[in-house]
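Worksheet: the structure to be examined is printed underneath.
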2 protein chains.
Amino acid sequence: MGGVKTGRPRSFDRDRALEGAIAVFWEHGYDATSIAMLTKALGIGAPSLYAAFGDKRALFLEALDRYIRTYGAFTERALAEEPNAYDAVERLLREAAAAYTRPDRPRGCLLITAATNCAPQSADIVARLRGLRAMGVRALEAKIDAATRSGRLPAHTDAHVLATFYSAVLQGMSAQARDGATTSDLEQVAETALRAWPSAADQRTGDSGLAAPK
Amino acid sequence: MGGVKTGRPRSFDRDRALEGAIAVFWEHGYDATSIAMLTKALGIGAPSLYAAFGDKRALFLEALDRYIRTYGAFTERALAEEPNAYDAVERLLREAAAAYTRPDRPRGCLLITAATNCAPQSADIVARLRGLRAMGVRALEAKIDAATRSGRLPAHTDAHVLATFYSAVLQGMSAQARDGATTSDLEQVAETALRAWPSAADQRTGDSGLAAPK
DNA sequence: CTACTTTTGTAGCGATCGTTCGAGAAGTAC
DNA sequence: GTACTTCTCGAACGATCGCTACAAAAGTAG
């Protein structure tokens, strides 16, 4: 099992090509990205692409995997590295505001946006991204649930609702980023969303309706 | 200018066909919807479709216009019919929770989702929907601004930030609906989002960072 | 009925889709 | 050098894309 490979060496950097593929899929999504767009963006021929990555589906899945471990890794890091659930969510939203509006990258989140408009034949891709997003919601929910059980959140806190809310905020921030919102806009969206964080002082008396400040 | 038209009469109901087109575009978005999917769903041939609506682009724009005046009209109604800005936003979010999860319709919002993944040649469609969404944000911002000027909101209220926030929440709710969230889930997301509504009691002391309840 | 108008279904247009074949290029192994 | 392996390039595969020419069908007008 020697490390030296025989045959004609690849003329391009596979990692760089994968980065390029991430960029195109990030910008246009799975279905709307054609092989022609990819070969043009990566500067390689179609046979080279297929030899290196398999087919379009496999290339997307590999790009997605790399995206999650790099550009999207801040989400897992925030939950893992911040002991306090509030700090984790604050950091999550703050870093998302920056990540979704970086001038050197496509806007928004690939995991959120890349498979929104898909033909029925790409249903498996849609399902895969949906599943990954659901994992994110569950991770957030677990973080909130742990904080509630350790007494750092009111006992009546509904972790599922709160996790769904902040996931929706993230998805909304991604959409707003794509619509042209600035980093500052998103930071203030994040700040506003954090006002909904439960505290011991804001327990509502009834549970039938929405709180209605006049 | 007589009302009676000569020639072979149309074999299908144009309005019903337009409704069907709305459903398909709503479900799959603009680019991922093919003419074959439309003709199959509407039960008509391609030439009939082109004779009645022009081309795919024109059909989508007409479907979009009808969508906004019917399924999506609740947003404008909430802002127009509720004098109080808070009541308007509460109603907006509540009705969105229901509208985005109706079992007899595609999930989410067509205006939000239908042009997320598009090829470069559909950039005009993307821009059009973006513009319409921006109009929605501005309408919400105007409503909040009016409430602030009339003293029903704290004077320091940033209408732009608040409008961007609740627009992001709507977009997030649409995404969550597509990801399988229930009506109840979205109602609770709406309820949570309303906790961020500004009140006279919650004026922050500093303005440098995020509020940080421990 | 005939003349006219519009819609219908079939069939196919050129373009692009994702994908692959086959020949030559570019490397290592001996 | 020759043998072998792998990659690159141009070309093209069948399928589908949005769209339309054409002729038969189905109505009104006289």
Side-chain angles (χ1 to χ4, degrees), chain A residues 1-18 20-21 24-25 28-63 114-115 117-126, chain B residues 1-18 20-21 24-25 28-63 114-115 117-126:
Chain A
M1 305 356 182
V4 182
K5 282 191 290 185
T6 176
R8 176 173 174 175
R10 185 179 286 124
S11 66
F12 60 95
D13 186 328
R14 194 181 185 280
D15 279 349
R16 283 177 63 89
L18 190 54
V24 182
F25 281 127
H28 298 285
Y30 178 69
D31 261 9
T33 296
S34 68
I35 300 293
M37 291 167 64
L38 288 167
T39 56
K40 189 169 192 175
L42 311 188
I44 64 176
S48 300
L49 190 153
Y50 277 84
F53 299 104
D55 59 1
K56 180 183 175 182
R57 199 184 105 96
L59 172 57
F60 176 77
L61 292 179
E62 191 172 346
N117 306 139
C118 278
Q121 67 222 20
S122 306
D124 58 328
I125 300 286
V126 176
Chain B
M1 311 301 208
V4 182
K5 282 193 290 184
T6 176
R8 176 172 175 175
R10 186 179 284 125
S11 68
F12 61 94
D13 186 328
R14 194 180 184 281
D15 279 349
R16 284 177 62 90
L18 190 53
V24 182
F25 282 128
H28 298 286
Y30 177 70
D31 261 9
T33 296
S34 68
I35 300 293
M37 291 168 64
L38 288 167
T39 56
K40 189 168 192 174
L42 311 188
I44 63 177
S48 301
L49 190 152
Y50 278 86
F53 299 104
D55 60 359
K56 181 183 173 182
R57 200 184 103 98
L59 171 57
F60 176 77
L61 291 179
E62 192 172 345
N117 307 138
C118 278
Q121 66 221 22
S122 306
D124 57 329
I125 299 285
V126 176

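Chain naming here is simple, since letters A, B, ... match the order of the sequence lines and numbering starts at 1 in each. Only a predicted model underlies this, so the values are computations on that prediction, with no experimental measurement involved. Below, each value reflects all heavy atoms present in this structure, side chains not excepted, and no hydrogens, waters or symmetry copies.
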Could you pull out the closest heavy-atom pair between B/A119 and A/A32, with the gap in Å?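 Result for this residue pair: N-CB, 3.6 Å.
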
Cation-pi, B/F12 ring and B/R10 (6.0 angstrom, 45 degrees):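 Because its charged atom sits under 6.0 Å from the ring centre and within 45° of the axis, B/R10 does stack over B/F12.
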
Using the ring of B/Y50 (Phe, Tyr or Trp, six-membered ring only), decide whether B/K56 places NZ or CZ under 6.0 Å from its centre and within 45 degrees of its axis.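 Output no; distance or angle outside limits.
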
Between [X] ([atom1]) and [N] ([atom2]), how many Å, whole number?
{"X": "B/I44", "N": "C/dT7", "atom1": "CD1", "atom2": "P", "result": "12 Å"}
{"X": "B/L49", "N": "C/dT8", "atom1": "CG", "atom2": "C1'", "result": "13 Å"}
{"X": "B/I125", "N": "D/dG18", "atom1": "CD1", "atom2": "C1'", "result": "14 Å"}
{"X": "B/R10", "N": "C/dG9", "atom1": "CZ", "atom2": "P", "result": "13 Å"}
{"X": "A/L38", "N": "C/dT19", "atom1": "CG", "atom2": "C1'", "result": "13 Å"}
{"X": "B/R57", "N": "D/dC19", "atom1": "CZ", "atom2": "C1'", "result": "16 Å"}
{"X": "B/D55", "N": "D/dC19", "atom1": "CG", "atom2": "C1'", "result": "9 Å"}

Nearest 0.5 Å, please: how far is [atom2] in [Y] from [atom1] in [X]?
{"X": "B/L59", "Y": "B/I35", "atom1": "CG", "atom2": "CD1", "answer": "7.0 Å"}
{"X": "B/D124", "Y": "B/L61", "atom1": "CG", "atom2": "CG", "answer": "8.0 Å"}
{"X": "B/N117", "Y": "A/T33", "atom1": "CG", "atom2": "OG1", "answer": "8.0 Å"}

Would you kindly compare B/G45 and B/G7 by the position of their nearest DNA chain C nucleotide and give the one closer to the 5′ end?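 Nearer the 5' end of the strand: B/G7.
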
Closest nucleotide among [options] to the [X] side chain:
{"X": "A/R8", "options": "D/dA25, D/dT6, C/dT5", "value": "D/dT6"}
{"X": "B/S48", "options": "C/dT8, D/dG27, D/dC19", "value": "C/dT8"}
{"X": "A/Y50", "options": "D/dT8, C/dT20, C/dG27", "value": "C/dT20"}

Take atom CZ in A/R14; do more than 12 heavy atoms of anything else shown fall under 6.0 Å from it?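 Check passes, neighbour count above 12.
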
Counting just side-chain N and O atoms, does A/S11 come under 4.0 Å of either OP1 or OP2 of D/dC7?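 So the side-chain polar atoms of A/S11 never come under 4.0 Å of the phosphate oxygens OP1 or OP2 of D/dC7.
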
Give me the distances for all protein-to-nucleotides 11-17 of chain D N/O pairs that come in under 3.5 Å?
unit_1: D/dC17; atom_1: OP1; unit_2: B/S34; atom_2: OG; d: 3.3

